Amino acid sequence: MMLRPDLAAAAAARLGCRKGLVAPTAGMAPGFTQCNMISLPRDWAWDFLLYGQRNPKPCPVLDVTDPGSHRTALAPNADLRTDLPLYRVWRDGVLAEELADATEVWAEHSDLVTFLIGCSFTFETPLMQAGIEVRHVAQGCNVPMYLTNRDCRPAGRLHGKMVVSMRPVPADRVAEAATITGRFPAVHGAPVHIGSPETLGIADLARPDFGDPVQIRDGEVPVFWACGVTPQAAVMASKPPFAITHAPGHMFITDVPDTQWQI
């Protein structure tokens, strides 16, 4: 079956994942929505749906699969077991392994419910189109992400701290960056914090909890956005018996144009 030309970039990025090309997806398939992912046994699905509803800034839910399904309306021809570059498998809240193909571990639970969550990579294209450099894309590395001291609102058995991603922005363009990203509330929207990382409990920007450190130049301000790795912080804190997530920075690329989420 031939894909429409406007879907070719997203499909090609997913094909690279199937071939085992493991790399962060920032900058890939520009113009297409990227998603964080978490799959949980059905018994935990309601708790997580409520967790997302109560914490829409870090956990904006874009799609929820039927139990046992590895398909999503966001990319109907994709396979959620194989079409991310890198997966994490969690057992009792502990990271057990990372895999480029989750088919075998997916089969351990026939009732997995998968949540696809908005990702800030989606609004990076508009930032770059406005001439605001996205440093981790320019440096060819993963975005730096930090576990903060901000509690998420609990839901059922789930609780945890918010995770944020950071992008350095020239001080005179911070307001513009906040305005651009604020037009995309379904993919984290405007920043949750600007400057003063210590206020978030971040001791050293050069030592992110997830991802890679990036250069911060003179005249730039660290700007923090809510991050879809927050569910993994909830897994670590709440210890569900089993979960599969994306590896931080290694997203699911959908067929949906990023402009769909713009307001």
Side-chain angles (χ1 to χ4, degrees), residues 23-36 56-60 85 117-150 161-233 246-253 258-259 261-263:
T25 55
M28 289 188 182
F32 287 91
T33 302
Q34 298 201 30
C35 291
N36 304 272
K57 195 74 170 175
C59 304
I117 297 163
C119 172
S120 57
F121 288 175
T122 302
F123 60 54
E124 289 181 344
T125 298
L127 285 174
M128 291 185 286
Q129 288 173 338
I132 298 173
E133 182 182 274
V134 176
R135 188 62 41 74
H136 57 274
V137 175
Q139 291 186 194
C141 63
N142 206 348
V143 63
M145 295 161 274
Y146 306 86
L147 186 65
T148 73
N149 56 13
R150 291 194 183 182
K161 303 289 188 181
M162 181 188 294
V163 175
V164 294
S165 60
M166 188 279 292
R167 295 159 183 82
V169 178
D172 62 351
R173 304 204 69 182
V174 168
E176 185 181 359
T179 298
I180 290 170
T181 59
R183 299 185 185 123
F184 294 84
V187 293
H188 302 307
V192 295
H193 189 75
I194 297 169
S196 304
E198 64 277 3
T199 304
L200 292 175
I202 300 170
D204 186 354
L205 289 176
R207 298 181 65 184
D209 296 289
F210 315 93
D212 301 314
V214 296
Q215 179 186 19
I216 301 177
R217 299 172 184 154
D218 290 343
E220 293 182 332
V221 176
V223 181
F224 301 90
W225 282 265
C227 177
V229 176
T230 297
Q232 297 183 39
H246 71 292
H250 298 73
M251 305 300 174
F252 177 66
I253 299 174
D258 53 26
T259 53
W261 313 109
Q262 186 172 348
I263 61 172

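No experiment lies behind these values; they were computed from the predicted model shown.
Smallest separation of non-hydrogen atoms from P185 and P60: O-CB, 4.4 Å. Residues G27 and V137 share a closest heavy-atom pair of N-CG2, 4.2 Å. In terms of heavy-atom proximity, T230 sits nearest to C227 at OG1-O, 2.7 Å. For the pair I263 and G182, the tightest heavy-atom approach, listed with the atom from each and the gap, is CD1-O, 4.3 Å.
Listed by first and then second residue, the salt bridge (charged side-chain N to carboxylate O under 4.0 Å, His left out) pairs that reach into residues 202-211 come to none, sequence neighbours excluded. For the side-chain hydrogen bond (donor to acceptor under 3.5 Å, both in side chains) condition, the pairs that include at least one residue of residues 136-150, sequence neighbours left out, are E124-H136.
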Show, in sequence, the C-alpha distance, side-chain angles and deciding distance for M166 and V143, and conclude whether the side-chain contact (heavy atoms from CB on, under 4.5 Å) test is met. CA-CA 7 Å; M166 188 279 292; V143 63; over 6 Å; no
Would S120 and R167 count as a side-chain contact (heavy atoms from CB on, under 4.5 Å) here? Give the steps. CA-CA 11 Å; S120 57; R167 295 159 183 82; 2.7 Å; yes
With side-chain contact (heavy atoms from CB on, under 4.5 Å) as the criterion, how do I194 and V169 come out once you've worked through the C-alpha distance, each side chain's angles and the decisive distance to 0.1 Å? CA-CA 10 Å; I194 297 169; V169 178; over 6 Å; no
Please step through side-chain contact (heavy atoms from CB on, under 4.5 Å) for the pair L200 and V192, ending with a clear verdict. CA-CA 10 Å; L200 292 175; V192 295; 5.6 Å; no
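No side-chain donor-acceptor contact under 3.5 Å links H188 to the backbone of P191. Side-chain N or O atoms of Q232 include one that pairs as donor or acceptor with a backbone N or O of H246 at under 3.5 Å. Judged by distance alone, the side chain of T122 and the main-chain N or O of Q34 form a donor-acceptor pair under 3.5 Å.
Atom CZ of F184 is separated from atom OG1 of T259 by 7.5 Å, given to the nearest 0.5 angstrom. With rounding to the nearest 0.5 angstrom, the CZ atom of F123 is 12.5 Å from the CD atom of Q262.
With sequence neighbours left out, K57 forms a salt bridge (Lys or Arg N to Asp or Glu O under 4.0 Å) with no residue at all. Taking the side-chain hydrogen bond (donor to acceptor under 3.5 Å, both in side chains) definition, one finds that E176 meets it with R173, sequence neighbours left out. Residues satisfying the side-chain hydrogen bond (donor to acceptor under 3.5 Å, both in side chains) test with T33, not counting sequence neighbours, are W261.
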Side chains of residues 215-225: which donor-acceptor partners sit under 3.5 Å, not counting sequence neighbours?
from : atom 1 : to   : atom 2 : distance (Å)
E220 : OE1    : R135 : NH1    : 3.0
E220 : OE1    : R135 : NH2    : 3.4
E220 : OE1    : R217 : N      : 2.8
E220 : OE2    : R135 : NH2    : 2.5
W225 : NE1    : T181 : OG1    : 3.1
W225 : NE1    : G189 : O      : 3.2

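Counting heavy atoms from C-beta on, the side chains of P168 and V214 come closer than 4.5 Å. No side-chain heavy atom of V187 sits less than 4.5 Å from a side-chain heavy atom of I117. Side-chain atoms of M145 and P208, non-hydrogen and from C-beta on, never get closer than 4.5 Å to each other.
Across V229, T25, N36, a single residue satisfies side chain to side chain contact (heavy atoms under 4.5 Å, CB included) together with C119, and that is N36.
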